[in-house]
Amino acid sequence: QVQLVESGGGLVQAGGSLRLSCAASGRTFSSYAMGWFRQAPGKEREFVAVISRSGGVTNYSDFVKGRFTLSRDNAKNTVYLQMNSLKPEDTAVYYCAASIAPTMPTTLMSYNSWGQGTQVTVSS
């Protein structure tokens with residue numbers, strides 16, 4: 001398993017931007033599809049985006065499509081989530097996760113390792 005550490009969260013006004021980073025330990029980072037999930041207070045954790053092992057393919061949930069961009073740098077063992085045009089409903093704890101599955105999963109159960117989460121708060 002890889003160890004994951006997220007950073008980059010914070011407080012931003014609606015319409016603003018944040019970039020989240022997720023740094024992974026270990027030498028097999030490129031073997032994992034990397035996903036982001038989020039959990040708002042009182043709600044279940046939900047899928048946000050996933051990127052393939054090579055970084056060539058991404059998949060986004062409908063509610064972030066066109067606003068968020070997921071990328072990765074396998075040389076730095078890091079994945080990035082660029083979040084633009086943020087809305088108050090984007091407020092949540094954002095979690096990075098790694099999956100050894102050969103596909104690009106969107107379900108929680110498909111992920112083997114999780115970070116501790118980083119808080120994103122968008123004010124109106």
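Treat the numbers as computed from the prediction; the structure is a model and nothing was measured.
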Ignoring hydrogens, what is the shortest heavy-atom contact between [X] and [Y]? Give both atom names and the distance.
X   : Y    : answer
A33 : Y111 : O-CE2, 4.2 Å
Y95 : G115 : CD2-O, 3.7 Å
A40 : A92  : N-CB, 3.8 Å
Y32 : R72  : O-NH1, 2.8 Å
V50 : L70  : C-CD2, 3.4 Å
Y60 : A49  : CD2-CB, 3.6 Å

Is there side-chain contact between [X] and [Y], with heavy atoms separated by less than 4.5 Å?
X    : Y    : answer
M83  : L20  : yes
Q13  : S123 : yes
Q119 : L11  : no
S52  : T58  : no
E6   : Y94  : no
R38  : D90  : yes

From CG (D73) to OG (S30), nearest 0.5 Å: 11.5 Å
Point-to-point distance, once rounded to the nearest 0.5 Å, from OG of S17 to CZ of R67: 10.5 Å
Flag if over 12 foreign heavy atoms under 6.0 Å of CD, E44: no
Greater than 12 external heavy atoms within 6.0 Å of K43's NZ: no
Working for side-chain contact (heavy atoms from CB on, under 4.5 Å), residues E46 and F63: CA-CA 11 Å; E46 62 182 359; F63 51 78; 3.5 Å; yes
Polar side-chain atom of R53 near backbone of S31 as donor-acceptor pair, under 3.5 Å: yes
Expected output: side-chain S113 to main-chain Q1 donor-acceptor under 3.5 Å: no
Residues that F47 engages under ring pair (Phe, Tyr, Trp, His ring centres under 6.0 Å), provided they are two or more places apart: F37
hydrophobic_cluster_shared for V93 and F68, side chain cutoff 4.5 Å: no
Pair M104-I51, side-chain contact (heavy atoms from CB on, under 4.5 Å): steps then yes or no: CA-CA 7 Å; M104 294 171 55; I51 190 166; 5.6 Å; no
Option among N74, V2, V79 that satisfies the side-chain contact (heavy atoms from CB on, under 4.5 Å) test with M34: V79
